[in-house]
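Residues take their numbers from the sequence shown, with the count starting at 1.
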Amino acid sequence: MLDQVTKDRISQEVSGNDVVLFMKGSAVFPQCGFSATVVQILSHLDVKFKSVDVLSDPAIREGIKEYSQWPTIPQLYVKGEFIGGCDIIREMFETGELQETFEAKQVARASA
């Protein structure tokens, strides 16, 4: 059950950052292959993003699934919009759709 405090914390992360990745581990040390794949894609595209480690917070780990109505982690949000999990992100990257999404939403580059 997603309580109001957890929902507010998730909403704050999603609305307060252009790109947020809810993942297992951190961007520097991913704790699962799916999270690592999404970090690699974002890094390859030079996208500035915030990572939220769901392993360090069980409320967020369960809450994010209910928040997005998506059963798996990692989860990527861009400018407040849920984009998808690992498979969707990989597919969007391969077709160029992910790059187009970042450009359309004017997402900042990490190196800028």
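- Interatomic distance, Phe22 CZ to Gln75 CD, rounded to the nearest 0.5 Å: 7.5 Å.
- Heavy-atom contacts from other residues, nucleotides or ligands closer than 6.0 Å to CD of Gln31 number more than 12.
- In terms of heavy atoms, Arg61 sits closest to Ile73 at O-CD1, 3.6 Å.
- For Lys48, the NZ atom sits in a loose shell: 12 or fewer heavy atoms of surrounding residues, nucleotides or ligands are nearer than 6.0 Å.
- To the nearest 0.5 Å, atom CG of residue Leu76 and atom OG of residue Ser35 are 11.0 Å apart.
- Between Cys86 and Val38, the shortest heavy-atom contact is CA-CG2, 3.8 Å.
- In this structure, the side chain of Arg109 engages the main chain of Leu45 through a donor-acceptor pair within 3.5 Å.
- The line from CE of Met23 to CD1 of Ile64 is 13.5 Å long, rounded to the nearest 0.5 Å.
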Apply side chain to side chain contact (heavy atoms under 4.5 Å, CB included) to the pair Leu42 and Phe102, showing each step before the final yes or no. CA-CA 10 Å; Leu42 295 175; Phe102 289 138; 3.6 Å; yes

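- When the shell of 6.0 Å around NZ of Lys65 is examined, it contains more than 12 heavy atoms from other residues, nucleotides or ligands.
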Thr101 and Met92: CA distance, side-chain angles, deciding distance, side chain to side chain contact (heavy atoms under 4.5 Å, CB included) verdict: CA-CA 9 Å; Thr101 299; Met92 288 177 71; 3.6 Å; yes

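- Note on Leu21: it does not cluster hydrophobically with Phe34, by side-chain heavy-atom contacts below 4.5 Å among ILVMFWY residues.
- Distance CG/Asp3 to CD/Glu66: 9.5 Å, rounded to 0.5 Å.
- For Glu81 and Lys105, the salt-bridge test passes: some basic side-chain N is under 4.0 Å from an acidic carboxylate O.
- Gln106 places no side-chain N or O within 3.5 Å of a backbone atom of Glu103 that could act as its donor or acceptor partner.
- A distance-only check finds a donor-acceptor pair linking the side chain of Ser11 to the backbone of Lys7 [under 3.5 Å].
- Nearest heavy atom pair, residue Ile41 against residue Arg90, reads CD1-CA, 3.8 Å.
- Checking side-chain atoms of Ser56 against main-chain N and O of Asp53 turns up a donor-acceptor pair under 3.5 Å.
- The side-chain contact (heavy atoms from CB on, under 4.5 Å) test with Tyr77 is passed by exactly one of Val52, Ile83, Val14, Asp18: Val14.
- Using a cutoff of 4.0 Å between basic side-chain nitrogens and carboxylate oxygens, Asp57 and Arg9 are scored as salt-bridged.
- For the pair Ser51 and Ala27, the tightest heavy-atom approach, listed with the atom from each and the gap, is OG-N, 3.5 Å.
- What you find for Asp46 and Ser111 is that their closest heavy atoms are OD2-OG, 2.5 Å.
- Closest approach of Val19 to Val107, counting heavy atoms only: CG2-CG1, 3.4 Å.
- The closest donor-acceptor contact from the side chain of Thr6 to the backbone of Ile60 lies at 3.5 Å or more, if one exists at all.
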Derivation of the ring-ring contact (aromatic ring centres under 6.0 Å, His included) call for Tyr67 and Phe82: CA-CA 10 Å; Tyr67 183 88; Phe82 175 60; 9.1 Å; no

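- Side-chain atoms of Asn17 and Glu13 form a donor-acceptor pair, as typed in the model, at a separation below 3.5 Å.
- More than 12 heavy atoms of other residues, nucleotides or ligands lie within 6.0 Å of CZ in Phe93, so this atom counts as buried by the packing criterion.
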